[in-house]
**Student:** 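Supplied in structure tokens, the structure appears directly below.
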Amino acid sequence: MQAVTGSDLYGFKDLLSEPERAALARLGAVLDQHVCPIVNNYWERGEFPEQIIAPLIEADLMDPPELREAGQKPSGLYGGFRNFEMGRVDASVVTFYNAQAGLFRTTVNLGGSAEQVAELDPLITSFKYKGVFALTEPDHGSDIAGGLATSAVSEKRGGTDGWRIDGAKRWIGGAAQADALAIFARDAADSQVKCFLVPTGNSGVVIRKITGKTSLRIMQNADIELDDVWVPDSARLKEINSFADVAACLRNMRSDVAWIATGVAAGAYEAARNYVAKRTQFGKPLASFQLIQEKLAHMLSNVTASLAMVVRLTQQQDAGVYRDENSAMAKMFTARMLRETVALAREVCGGNGILLEHNVARHHADAEAIYSYEGTHEINSLIIGRAITGISAFR
């Protein structure tokens with residue numbers, strides 16, 4: 001009997017157009033050539049492989065030539081599978097890419113005026129203008145809606161209207177590689193949350209790498225201090241005027257993270273499957289044992305169920321249907337399935353499962369970060385619970 005290869009058992013990728021599948025195949029070649037050979041080494045060192053940035057940019061994956069030549073625009077499903085394919089290889093690499101293609105681009109496109117979007121989106125798509133999303137603070141994560149402490153004060157300097165920003169941000173991935181930080185701050189005049197594109201080279205901006213991480217070690221997360229940082233009013237994204245506007249961005253971003261979680265789960269499953277097919281114990285391949293096959297079936301079921309959820313969520317969003325509870329459920333479920341899948345993958349590899357060379361250990365460790373960022377399990381469950389009952393349990 002011929003073995004099932006890959007992790008898309010139900011063929012969800014068949015929903016993509018031929019040009020979209022061609023672009024993803026080209027992405028796969030870039031990952032195989034430039035990322036796979038070095039990713040374990042850089043993960044162990046806790047450093048980002050700067051040499052992979054140029055090939056990823058040159059691949060032109062946000063607006064791929066295959067689609068332009070076919071007169072097509074990238075669908076949400078294409079963007080989802082782009083995250084899925086990168087996630088299969090490494091969680092930090094897809095998190096780095098999505099910081100630009102997902103978080104920062106979404107913030108500008110949803111939060112900017114028509115003029116700002118028209119000016120900045122082509123620069124973001126080409127990576128000529130690199131940015132990151134900076135919401136979380138040292139003392140405020142899950143409670144950021146009410147607790148956001150970074151302040152913005154309207155202040156004119158040199159005859160120009162602008163804003164003075166003071167505060168701190170934490171866990172900001174890719175900040176040191178960015179041209180601008182999308183800083184969310186509370187307007188001292190009306191207590192509403194606004195967003196400002198702050199150049200990383202501005203006076204008063206200090207970026208420090210967070211060290212000692214046991215997860216997402218390749219991704220360079222940062223602490224950011226903002227002390228008397230001034231930006232002109234043109235740096236404010238005009239359509240973000242409350243936390244409700246921020247929540248609209250998060251509603252979009254959670255679907256990206258759900259795709260990432262699904263991709264990382266697929267990567268762990270595929271690495272485990274490859275290992276047990278080659279490893280021999282008691283004179284037989286590990287893959288021939290009933291208990292191993294049950295765990296493989298469990299892992300592939302988790303990946304398939306997660307793919308089904310993110311595909312349907314993305315189809316709804318492509319049709320203009322955006323609901324907090326839908327994206328929250330996808331992030332909550334896929335991150336939970338990821339955690340379970342990487343544990344099973346590590347388990348079937350035995351002691352070798354903690355060695356980087358078998359490509360399971362990275363996924364096993366990185367799952368912990370994905371489980372928490374872009375909304376913890378508990379916060380997302382309360383968003384869903386609010387939709388179910390009509391009662392908010394947030395305090």
Side-chain angles (χ1 to χ4, degrees), residues 1 3-10 35-36 39-44 46 83-95 213-219 257-310 330-373 376-378 381:
M1 181 178 178
V4 173
T5 59
S7 48
D8 184 10
L9 185 66
Y10 282 13
V35 179
C36 292
V39 66
N40 285 329
N41 182 31
Y42 276 87
W43 194 95
E44 185 167 30
N83 282 342
F84 177 83
E85 292 298 330
M86 289 188 187
R88 284 174 61 243
V89 173
D90 185 73
S92 289
V93 172
V94 67
T95 300
K213 294 192 304 174
T214 63
S215 186
L216 287 185
R217 287 177 53 77
I218 289 175
M219 188 62 181
V257 180
W259 275 100
I260 290 172
T262 304
V264 175
Y269 158 74
E270 291 171 12
R273 180 193 175 280
N274 292 340
Y275 177 85
V276 300
K278 297 174 183 176
R279 174 76 166 174
T280 298
Q281 292 287 277
F282 303 103
K284 296 190 297 184
L286 271 180
S288 69
F289 290 92
Q290 292 179 354
L291 290 175
I292 296 297
Q293 291 194 5
E294 188 277 335
K295 294 181 196 306
L296 291 173
H298 195 147
M299 285 186 270
L300 182 55
S301 297
N302 286 351
V303 174
T304 303
S306 295
L307 265 173
M309 181 170 281
V310 293
K331 199 284 174 171
M332 181 185 78
F333 179 82
T334 57
R336 182 162 57 87
M337 291 301 97
L338 166 61
R339 213 181 196 192
E340 182 176 86
T341 301
V342 297
L344 288 168
R346 210 283 320 150
E347 190 174 309
V348 300
C349 294
N352 284 334
I354 68 170
L355 294 175
L356 288 170
E357 66 185 273
H358 299 296
N359 294 313
V360 168
R362 264 186 305 110
H363 296 312
H364 183 254
D366 290 343
E368 288 304 298
I370 296 170
Y371 187 74
S372 294
Y373 73 49
T376 63
H377 176 89
E378 291 75 15
S381 68

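Computed from a prediction, not measured in an experiment: that's the story for all the values here. Atom set for the values below is all heavy atoms of this structure, side chains included, hydrogens, waters and symmetry mates excluded.
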**Student:** Please round to the nearest 0.5 Å and tell me the distance separating atom NZ of Lys295 and atom OG1 of Thr341.
**Tutor:** 12.5 Å
**Student:** Does the side-chain contact (heavy atoms from CB on, under 4.5 Å) test come out yes or no for Trp259 and Leu307, once each step is laid out?
**Tutor:** CA-CA 8 Å; Trp259 275 100; Leu307 265 173; 3.8 Å; yes
**Student:** Mark yes or no for whether Arg362, through its side chain, and Val89, through its backbone, hold a donor-acceptor pair below 3.5 Å.
**Tutor:** yes
**Student:** Looking at side-chain heavy atoms only, is the closest gap between Leu338 and Tyr371 below 4.5 Å?
**Tutor:** no
**Student:** Taking all non-hydrogen atoms of both residues into account, name the closest pair between Val360 and Cys349 and its distance.
**Tutor:** CG2-SG, 4.0 Å
**Student:** Can you tell me how far NE2 of His358 sits from CZ of Arg279, rounded to the nearest 0.5 angstrom?
**Tutor:** 7.5 Å
**Student:** Under 3.5 Å, is there a donor-acceptor pair linking the side chains of Asp90 and Trp43?
**Tutor:** no
**Student:** Could you tell me whether Glu44 and Arg217 have a side-chain N and a carboxylate O separated by less than 4.0 Å?
**Tutor:** no
**Student:** Find the distance between CZ (Arg339) and NE2 (His364) and round it off to the nearest 0.5 Å.
**Tutor:** 9.5 Å
**Student:** Mind checking the CE-CE spacing from Met299 to Met337? Nearest 0.5 Å is all I need.
**Tutor:** 13.5 Å
**Student:** Which residue pairs pass the ring-ring contact (aromatic ring centres under 6.0 Å, His included) test with at least one member in residues 284-308, sequence neighbours excluded?
**Tutor:** none
**Student:** How close do Ala287 and Gln293 get, heavy atom to heavy atom, and via which atoms?
**Tutor:** O-NE2, 3.0 Å
**Student:** Any donor-acceptor pair under 3.5 Å linking the side chain of Lys213 with the backbone of Gly46?
**Tutor:** no
**Student:** Verify, without hydrogens or angle tests, whether Asn40 (side chain) and Leu356 (backbone) share a donor-acceptor contact under 3.5 angstrom.
**Tutor:** yes
**Student:** Out of curiosity, Tyr275 OH to Asn359 CG, how far, rounded to the nearest 0.5 Å?
**Tutor:** 12.5 Å
**Student:** Just checking, any donor-acceptor pair under 3.5 angstrom between side chains of Thr95 and Tyr373?
**Tutor:** yes
**Student:** Among Thr262, Asn302, Val303, exactly one meets side chain to side chain contact (heavy atoms under 4.5 Å, CB included) together with Ser7. Which residue is that?
**Tutor:** Val303
**Student:** Quick one: ring-ring contact (aromatic ring centres under 6.0 Å, His included) partners of Phe333, sequence neighbours excluded?
**Tutor:** none
**Student:** I want to check something: taking the side chain as every heavy atom from C-beta on, are Val264 and Phe84 in contact at a cut-off of under 4.5 Å?
**Tutor:** no
**Student:** Taking atom CD1 of Ile292 and atom CD of Gln281, what is their separation to the nearest 0.5 Å?
**Tutor:** 10.0 Å
**Student:** Write down the atom of Leu216, the atom of Ala91, and the distance for their closest heavy-atom approach.
**Tutor:** CD2-CB, 3.6 Å
**Student:** Begin from the C-alpha positions of Leu286 and Val348 and carry the test side-chain contact (heavy atoms from CB on, under 4.5 Å) through to its verdict.
**Tutor:** CA-CA 8 Å; Leu286 271 180; Val348 300; over 6 Å; no
**Student:** Nearest heavy-atom pair of His363 and Ala268: which atoms, and what distance?
**Tutor:** CD2-N, 3.5 Å
**Student:** Do you know which two heavy atoms are closest between Ser215 and Ala365, and how far apart they sit?
**Tutor:** OG-O, 2.7 Å
**Student:** Taking only Lys NZ, Arg NE, NH1 and NH2, and the carboxylate oxygens of Asp or Glu, determine whether Arg273 and Glu270 approach each other closer than 4.0 Å.
**Tutor:** no
**Student:** Check the surroundings of atom CD in Glu378: do more than 12 heavy atoms from other residues, nucleotides or ligands lie under 6.0 Å from it?
**Tutor:** yes
